2 protein chains.
Amino acid sequence: MKLNRQAALRRHLYLDEAVSVADLAQRIGASLATVRRDLQELEAQGVVARSHGGARLLQGAATELAFRLREQQRLDAKKAIALAAYALIRPQSTIFLDAGTTVLQLARQIRLDPIPLTIVTNGLPVAQELVEVEGIKVIMLAGQIRDENLSLIGPLAEATLERLHVDQLFLGASAIADDLNIYGRDMTEARLNERMLAHASDRLLLADAAKFGCHDSYLVAPLSSVGQIVVDAALSTVWRSRIAEAGIGLVEASGAAEA
Amino acid sequence: MKLNRQAALRRHLYLDEAVSVADLAQRIGASLATVRRDLQELEAQGVVARSHGGARLLQGAATELAFRLREQQRLDAKKAIALAAYALIRPQSTIFLDAGTTVLQLARQIRLDPIPLTIVTNGLPVAQELVEVEGIKVIMLAGQIRDENLSLIGPLAEATLERLHVDQLFLGASAIADDLNIYGRDMTEARLNERMLAHASDRLLLADAAKFGCHDSYLVAPLSSVGQIVVDAALSTVWRSRIAEAGIGLVEASGAAEA
DNA sequence: CACAAAAGATCATATTTCTGATTGACCGTG
DNA sequence: CACGGTCAATCAGAAATATGATCTTTTGTG
């Protein structure tokens, strides 16, 4: 009850930047006193800043919230894809996990059912997930932390990459456009992702159906530079044939994913 | 109440490896049912494994618990030292924070009262603390994650270091022995710490009084390789004069420094 | 300085959570 | 198969927490 309410508060604050206490109380259906108390808590957590009459999200919390939301989008598809990708991992090998939300689900899967592996990643959440898991050795790239998705990027990350080679690369993507190219949201991260491709024997792209036919700002690499694509069942036949024409392997995640 | 009890459970499990439910109930002063429920929760959290009659800590949780305990030890002294060190930071500069628990307190202090800085670290908890803090740019070293304190170590970390130079280095230590050398608990990390010293203009050692006169396994560097030492008020006069003799600056943390 | 809106404090009620006892089910052992 | 020990489920009382109303204090505004 309380948590729902606070989540609703966050959502409204995220949507509206700055909202009055009275507004929030009305929208959520709680008393002014309760909203104030909730805002107090959120303030103590460093999520919001309060002023007379209202409150607004702190800049840091906004990006964190956006990340959480992105993580929840098409969660079932992501879990299904992660499960299919999990089946492709070879024990005792070295794999690379990038910093996307789909790949994060793969990390969760590995945590739930550990396989002896060396895992290289540039994603803080991925590392967090796999730390202290039995049989998993985690190696991180260097770099500057990108707040938006807690990835490590930049020259230092690329330099670290130069010293590594992995058996399998599991790559996420922001968009797979109609021109058969993979696109990303951040320039430096897109460039890093492109470099990753050169340092892996097998290259797998993890992308749910909604990513296909979209576009984003920065080119990562042509789709043909990956060997296999793991998608959920919702992918259109048009795209299936396109991928087949391009000679890229397609792995379809079966059904909905449950624990 | 409940949290205290569960903390007590963890502690007993940490001390005794495997303990019977009846034992735990008696030691903690709760009913069997309560202990079982608590163990259920801890099991769901992945902290313990239960078997008929008792429970034991999972290997991963043990190291995490040890870290938490270490973090709590002499917490007041660490906070006081962190506060004193905080005052020495110059805005707009680039500083290095190592992966120790004292330095982690410094990171907390910076988070509470942000200064525009570029912060380089090899500690995951430090990065976690400073991510998304206004005005702070966080850069991580590469490397393998060491479970015991979530630090990044190894050849990759050292290689990253080669590309960096910072204005100030804030170094923790496991022990400052009578031979006026700094010692560490892990060989690879000790070596990394030694390398850090070469890449900083100012070198500060953060250590509470209890660290002096102790010994540990791996040599980091001679004490004289740091320019200043930040300690709490409890440091003995013997050590004060020793440090003065060695020509090393001493910064004393004011305020509370009791166990 | 006066006014109104908002925030804080206090309190009684409602709700949730926690706890230990009881019961019956489920092992493994002799 | 009987037995001792352990576990899960259920329940009722106790304790903690959440909530909204009311009242007082603070804050911002003209």
Side-chain angles (χ1 to χ4, degrees), chain A residues 1-62 64-65 68 112-113 134 258-259, chain B residues 1-62 64-65 68 72 112-114 134:
Chain A
M1 208 123 219
K2 186 182 168 195
L3 286 179
N4 294 340
R5 204 177 51 235
Q6 294 197 352
L9 276 180
R10 286 168 185 246
R11 197 165 50 245
H12 280 118
L13 285 166
Y14 179 61
L15 293 174
D16 279 6
E17 187 81 11
V19 190
S20 78
V21 174
D23 249 26
L24 287 168
Q26 197 180 358
R27 288 201 225 173
I28 294 188
S31 73
L32 293 175
T34 302
V35 171
R36 291 213 182 89
R37 269 186 291 248
D38 283 342
L39 288 176
Q40 270 184 331
E41 272 188 51
L42 293 175
E43 186 179 37
Q45 291 167 28
V47 178
V48 307
R50 297 201 303 158
S51 57
H52 272 247
R56 65 178 171 73
L57 264 195
L58 289 174
Q59 67 295 330
E64 190 194 330
L65 237 175
R68 292 272 172 82
L112 284 173
D113 207 347
E134 179 85 1
E258 66 276 59
Chain B
M1 207 120 217
K2 186 183 166 194
L3 286 178
N4 293 340
R5 203 177 52 234
Q6 293 196 354
L9 277 180
R10 287 169 183 244
R11 197 166 49 246
H12 279 119
L13 285 165
Y14 179 62
L15 293 174
D16 279 7
E17 186 83 9
V19 190
S20 78
V21 175
D23 249 25
L24 287 169
Q26 197 180 359
R27 288 200 225 174
I28 295 189
S31 73
L32 293 176
T34 301
V35 171
R36 292 213 180 89
R37 269 187 292 250
D38 284 341
L39 289 175
Q40 269 183 329
E41 272 188 51
L42 293 174
E43 186 178 38
Q45 292 168 27
V47 178
V48 307
R50 296 204 300 158
S51 57
H52 272 246
R56 64 179 173 74
L57 264 196
L58 288 174
Q59 68 294 331
E64 190 194 329
L65 235 175
R68 293 272 174 82
Q72 298 304 318
L112 284 173
D113 207 346
E134 178 86 0

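A quick note: this is a predicted structure, and the numbers were derived from the prediction, not measured. Just so it is clear: chains get the letters A, B, ... in the order the sequence lines come, proteins before strands, and each one is counted from 1.
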(request) Determine the minimum heavy-atom distance between B:His12 and B:Val19, stating which atoms define it. (result) O-CG2, 4.0 Å
(request) Can you measure from CG (B:Leu39) to OG1 (B:Thr34) and round to the nearest 0.5 angstrom? (result) 10.5 Å
(request) Check DNA chain D against residues 48-58 of chain B and give the residues with a non-hydrogen atom under 4.0 Å, in numerical order. (result) B:Arg50, B:Ser51, B:His52, B:Gly53, B:Gly54
(message) At 10 degrees resolution, what angle do the end axes of the helix from C:dC1-D:dG30 to C:dG30-D:dC1 form when each is taken over five base pairs?
(response) 40°
Could you go over nucleotides 23-25 of chain C and give all protein N or O partners under 3.5 Å, atom names and distances?
none

(request) For residues A:Arg50 and A:Arg36, report the shortest heavy-atom separation together with the two atoms involved. (result) NH1-O, 3.8 Å
(message) If the condition is side chain to side chain contact (heavy atoms under 4.5 Å, CB included), which residues does B:Ala62 pass it with, not counting sequence neighbours?
(response) B:Leu57
(request) Determine, for B:Glu64 against B:Arg68, whether the closest basic-nitrogen to carboxylate-oxygen distance falls under 4.0 angstrom. (result) yes
Per-pair distances, 0.1 Å, donor-acceptor, side chain in residues 23-30 of chain A, under 3.5 Å, sequence neighbours excluded:
{"residue": "A:Arg27", "atom": "NH1", "partner": "A:Asp16", "partner atom": "OD2", "Å": "3.2"}
{"residue": "A:Arg27", "atom": "NH2", "partner": "A:Asp16", "partner atom": "OD2", "Å": "2.8"}

Atom pairs, protein N/O to nucleotides 18-20 of chain C N/O, distance under 3.5 Å:
{"residue": "C:dC18", "atom": "OP1", "partner": "B:Lys2", "partner atom": "NZ", "Å": "2.9"}
{"residue": "C:dT19", "atom": "OP1", "partner": "B:Arg5", "partner atom": "NH1", "Å": "2.4"}
{"residue": "C:dT19", "atom": "OP1", "partner": "B:Arg5", "partner atom": "NH2", "Å": "3.4"}
{"residue": "C:dT19", "atom": "OP2", "partner": "B:Arg5", "partner atom": "NH1", "Å": "3.3"}
{"residue": "C:dT19", "atom": "OP2", "partner": "B:Arg5", "partner atom": "NH2", "Å": "2.5"}
{"residue": "C:dG20", "atom": "OP2", "partner": "B:Ser31", "partner atom": "N", "Å": "3.3"}
{"residue": "C:dG20", "atom": "OP2", "partner": "B:Ser31", "partner atom": "OG", "Å": "3.2"}
{"residue": "C:dG20", "atom": "OP2", "partner": "B:Thr34", "partner atom": "OG1", "Å": "2.3"}
{"residue": "C:dG20", "atom": "N7", "partner": "B:Arg37", "partner atom": "NH2", "Å": "2.6"}
{"residue": "C:dG20", "atom": "O6", "partner": "B:Arg37", "partner atom": "NH1", "Å": "3.3"}

(request) Figure out the CG/P separation between B:Leu39 and D:dT6, and round it to whole Å. (result) 13 Å
(message) By the definition side chain to side chain contact (heavy atoms under 4.5 Å, CB included), identify the one residue from A:Leu58, A:Leu13, A:Asp38 that meets it with A:Val48.
(response) A:Leu13
(request) Calculate the interatomic distance between B:Arg36 atom CZ and D:dG5 atom C1'; express it in whole Å. (result) 9 Å
(request) Please report the shortest heavy-atom distance between B:Leu42 and B:Gln6, naming the atom on each side. (result) CD2-OE1, 4.0 Å
(message) Output the rounded distance in Å from CD (A:Gln40) to C1' (C:dG8).
(response) 8 Å
